[in-house]
Amino acid sequence: MLAFEEQVVADLVEDPNGGLVVLSSGLPLASLAATLLLYLHQAPGDAAGGGCLLVLSAPDSLKARIRRRLQEKMQVHDVPPDLQAQQRASLYASGAALFLSPRALAADLLTSRLLPSRVRALLLLSAHRSTDTSSDAFIARLLRQRNLVPVYAFSDCPHAMVAGFSKAERTMKSLYVRRLHLWPRFHVLAAADLERAPPDVVDVRVPMTPPMRGIQAAVLATMDACLKELRRTNKVDVEDLTVDKGLFKSFDEIVRRQLDPIWHTLGKKTKQLVADLRTLRKLLDYLVRYDAVTYLKYLDTLRVSEGVRSVWILADSSHKIFELAKRRVYQAVRTDGAKVSMDNKGTPTKKRKVAHNTTKKGKETENEDSTVGRDNTQKVNTDVGIVLEEVLEEAPKWKVLWELLQEIAEEQMKSDAGNVHDEDKSDEHGIVLVTCKDERTCLQLQECILKGPCQVMREEWEKYLIGKAELHGLNKKNKRKSEQPKGVGVLDGEVQMGSSESVGPVSISKLETNALFAAACELRNISNEADVNGGSNSSCSTKGLARGKAKGKPKKTTAKRQASNRKNKSKGGNDIRQATDLDSEVQSGKTDEQAEIDASKVSAYDASVSASTSNDKFNHSSALRNSANGKPLPPVQFHALDSDQHVLDVWKPSVIIVYHPDITFVREIEVYKAENSSKKLKVYFLFYEDSTEVQKFESSIRRENEAFESLIRQKSLMMIPVDQDGHCIGPTVANEPEPLLCQNSITRKAGGKKAPEKEMQVIVDMREFMSSLPNVLHQKGIRIVPVTLEVGDYVLSPSICVERKSIADLFQSFASGRLYNQVETMARYYKIPVLLIEFSQDKSFSFQSANEIGDDVSPTNIISKLSLLVLHFPRLRIIWSRSLHATAEIFMSLKTNQDEPDEKKATRVGVPSEDGIVEDDVRSENYNTPAIEFLRRLPGVTDSNYRAIMDGCNSLADLALLPVERLGELMGGQKAARTLKEFLDAKCPTML
């Protein structure tokens, strides 16, 4: 345990109220929680013999780390929410540390199954999620009402503690704590411990390929254009609309938090801009995470799913994203040797094929003579086919990772050779840990080491082609030929053609698509032949050319494989380069010779990897093994940061390669090295040079520092109310003005003394404790009775039952039909069934804008569904609530002059009887539902008189024998009585 961790625990236990600790992301939260739990467990208890330790809001990964640190030191139990009440009570009495769900704990505290005097302390490990209406604040209030229970809250998200107005101060008041402890990375004690024995750090900057730089520039330009459009709406704070903040997920929350109150008044374009910014952020993230084929596949799905309504796809720079993404995978070449590309205006141009010259550098020539090429640039003749030249650009980090692994293996071999006689030093080399963002990248990197990068790209390309072939097969069934081309423009791949001869020109997009389908069909045929004949796979270091006729009906489809030489780095070697007009524009005026296309060449090291490791199993515990070129590879283990597992203490690596840098994992590395100061550790950081990856990493550090600076200023100004004993008061009912109970109070009675208030109580379904309404009701002074209800969510009185629906739940209930059944049961058992529609406080108080409400009844419109529901159940009452606090006020007004509900009766409603019908019971068997429905459909019977008819006769048989005069008394009129009597006495028609 580090020195600054001991200081954090010492500062916490000084105050009997507890405290709130805000840490930098990645600092040892699990170690602090485990140390605090052990300290509280070993501390001498009170006269009652101490109590249990409650831990809330702990993720599963954090629970596992705390449990591992407290192993064999104290008992730690994970209490599931569905555990029986008797078993939970026995765990409370054990005095151990318990991981609980807030729903079950709140119910146990309200039912006195757990007394606050039996709780030693409460730990909250996600304090940034706590608000005055959250479950954590509810439990803290229940514990602090009758006993001084210390509350220790932790948070490792400082930027979340500054979101909103006085977030830290409001959190401390809701948790009844008065001291705020800030521990940023730049704290003197923390910095001294972490920098005493730092690891050896190597910062590797990997240059991006020209297409990657072009895509990044185009996405940033498109994002900037969308932000400018959003600024014009004057709906969002301009300071938040920056590209730097747009790189983080929290940007969506910031924008939505500002737009939610007026969301119903926004136009479709503004709403789409918010969604487009999220899509563009994903494009930037996936550019440095995924391979070229996967990125192109994702763009294809975006073109189909968002092409109609997206705003970003219509921006000037968006077409570069699609063109450059395709160029990373393949290039379209005409069969006569000329390359087909797109210039700025979308006009097809023609370039000569690259000539391999052994005497000088191979350069791409300029456009052909204008007099010859001017006519050809306006159209593509159908007699000329299109060839797909595979590029399959590999990620630049793949090669760097391979070279680093070889370098690490060589260093370990040298150190082992120098320490042959020293057994302690010869075994000090651990595994090499490679950390990636997600599990998919880990698996792909593992395949790269096993099979080689070229083989991995080949497999991804074949999957892409197979997907195209399946899509072509579906489209071919429902294909409709159009006489004229539909759209003209760059975004949909169509280019404008000039006048044609007898056989008209065809768009490049169609030729390119036909060539893709031809290659896919050929690949499928080759795979089928290989399955039948057992043919061997083609070599890794090859290029594929798929030829097809321009009209989409390939006359002859072939696949040619040509070996390409690796680019020679020496002066006299061949330096084959390509450039297009789009490349030159992206690179801001660089010449064609400066535009490299190394990714289209297959390196020799890839072939050696594929040949040597394709049949090997990859195991991190295996010894160093030799590759085909004689170079060894160290044992490697991959770790996905998204899994949220702390693996450094488990695997104890000696070398860490951070493939995707993350500020949280960087801090974990620093803590791991500080705790193991004698162990040698070397860390490699792989960054794409001049990329948004570097910008996002630096912005995360800067954002965290700014958050702590803001918290330091707030700490010097915040005011936490305390009582005369120094105990935090918190947001209680005593701080609020008392409501006027009676406007016409008679002051002559007892000298104006107020009558003692009768405590209000509300019966609440157990499932409703996942919402914040029981917390707010308890805050208003209403007694909460948690039970399991079969009918309704809240029972306010013997005659009032409430079914609460949030907006999202209301739509889902209408879609599934669940709401109809719920209202039907409420109307059957209660006199006043109520449907409560509760809106969020920070969102608009309306379903839709006024201009969206139609005149006719629509089965898909929510207003039409509500209207039909009210028509079907006339006694149903609908209450519209703006927020949780408004709902509490409505409940208090509804309970005025009403009797308190009976808990036993409420629990029996809707529950099937096992012993038969009980007199004066409100069970479902007491009602003959089919007979009631039959009665309500008889002529003359209405919703206003069918209950009187039920009270006047015992069955439908008795109803048929009643005279007209008695029916008139029951039905409220002679006309309705005669109508019913004539219907009942009418003879049935017979067939003679």
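Predicted model, so just to flag it, every value in this text is computed and none were measured.
The backbone N or O of S126 sits nowhere less than 3.5 Å from a side-chain atom of S57 that would complete a donor-acceptor pair. Between the side chain of H41 and the backbone N or O of Q75, no donor-acceptor pair lies under 3.5 Å. No side-chain donor-acceptor contact under 3.5 Å links D285 to the backbone of R281. With S700 contributing its side chain and I663 its backbone, the two residues share no donor-acceptor pair below 3.5 Å. The backbone N or O of Y92 lies less than 3.5 Å from no partner atom in the side chain of R118, so there is not a single donor-acceptor pair. Looking only at distances, a side-chain donor or acceptor of R88 sits under 3.5 Å from a matching main-chain atom of L83. H77 places no side-chain N or O within donor-acceptor distance of the main-chain N or O of V79, the cut-off being under 3.5 Å. A distance-only check finds a donor-acceptor pair linking the side chain of K673 to the backbone of A197 [under 3.5 Å].
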Verdict with supporting geometry, N17 and L148, side-chain contact (heavy atoms from CB on, under 4.5 Å): CA-CA 7 Å; N17 289 285; L148 180 60; 3.8 Å; yes

Worked check of side-chain contact (heavy atoms from CB on, under 4.5 Å) between T692 and L287: CA-CA 10 Å; T692 55; L287 178 63; over 6 Å; no

Assess whether side-chain contact (heavy atoms from CB on, under 4.5 Å) is satisfied between E693 and H660, documenting all intermediate values. CA-CA 8 Å; E693 186 179 36; H660 293 141; 4.0 Å; yes

Could you walk me through whether E14 and R179 pass salt bridge (charged side-chain N to carboxylate O under 4.0 Å, His left out), step by step? CA-CA 10 Å; E14 281 183 0; R179 297 190 62 179; 3.4 Å; yes

Do L70 and M74 pass the side-chain contact (heavy atoms from CB on, under 4.5 Å) test, and can you show the C-alpha distance, the side-chain angles, and the key distance before you say yes or no? CA-CA 6 Å; L70 295 178; M74 64 176 294; 4.0 Å; yes

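Side chains of F154 and L12 form a contact here, defined as non-hydrogen atoms less than 4.5 Å apart. When side chains are defined from C-beta on, R129 does not count as touching D136, because their heavy atoms never get closer than 4.5 Å. Considering only heavy atoms from C-beta on, D156 stays 4.5 Å or farther from S24 through its side chain. For the pair H778/L110, a side-chain contact is recorded, criterion being any heavy-atom separation below 4.5 Å from C-beta on. Here the side chains of L194 and L27 are in contact, with some heavy-atom distance below 4.5 Å. Annotation: side chain of P653 is not in contact with side chain of V432 (no heavy-atom distance under 4.5 Å). For the pair C436 and Q444, the minimum side-chain heavy-atom distance is 4.5 Å or more.
In this model, a donor atom of one side chain and an acceptor atom of the other lie less than 3.5 Å apart for R702 and S699. Between the side chains of T294 and D291, at least one donor N or O sits under 3.5 Å from an acceptor N or O. One side chain, S25 or T664, offers a donor N or O that lies under 3.5 Å from an acceptor on the other. Checked by atom type, the side-chain pair N705/E709 shows no donor-acceptor distance below 3.5 Å.
Between V658 and the choices V204, V683, L686, the side-chain contact (heavy atoms from CB on, under 4.5 Å) rule is met once, by V683. Among V22, I712, T171, V21, the one residue that satisfies the side-chain contact (heavy atoms from CB on, under 4.5 Å) test with L180 is V22. Under the side-chain contact (heavy atoms from CB on, under 4.5 Å) test applied with V9, the options L40, L38, T35 reduce to a single match, T35.
Here T441 contributes atom OG1 and L445 contributes atom CG; the two are 6.5 Å apart, rounded to the nearest 0.5 Å.
Ion pairing between a basic and an acidic side chain is recognised when a charged N comes within 4.0 Å of a carboxylate O; E410 and K414 show no such pairing. A salt bridge does not link E704 with R185: none of the charged nitrogens is closer than 4.0 Å to a carboxylate oxygen. Residues R69 and D649 are paired through a salt bridge, judged by an N-O separation under 4.0 Å between the basic side chain and the carboxylate.
The aromatic rings of F186 and F708 stand perpendicular to each other, their planes meeting at an angle above 60°, with 30° marking the opposite boundary. Note: F769 and F138 have parallel aromatic rings, judged against thresholds of 30 and 60 degrees for the angle between ring planes.
The environment of NZ in K652 is crowded: more than 12 heavy-atom neighbours from other residues, nucleotides or ligands sit within 6.0 Å.
Of all non-hydrogen atoms in A168 and L711, the two that sit nearest each other are CB-CD2, 3.9 Å. Across every non-hydrogen atom of P786 and T111, the tightest pair is CG-CG2, 3.6 Å.
Taking the ring centre of Y290 as origin, the terminal cationic atom of R440 falls inside the region bounded by 6.0 Å and 45° from the ring axis.
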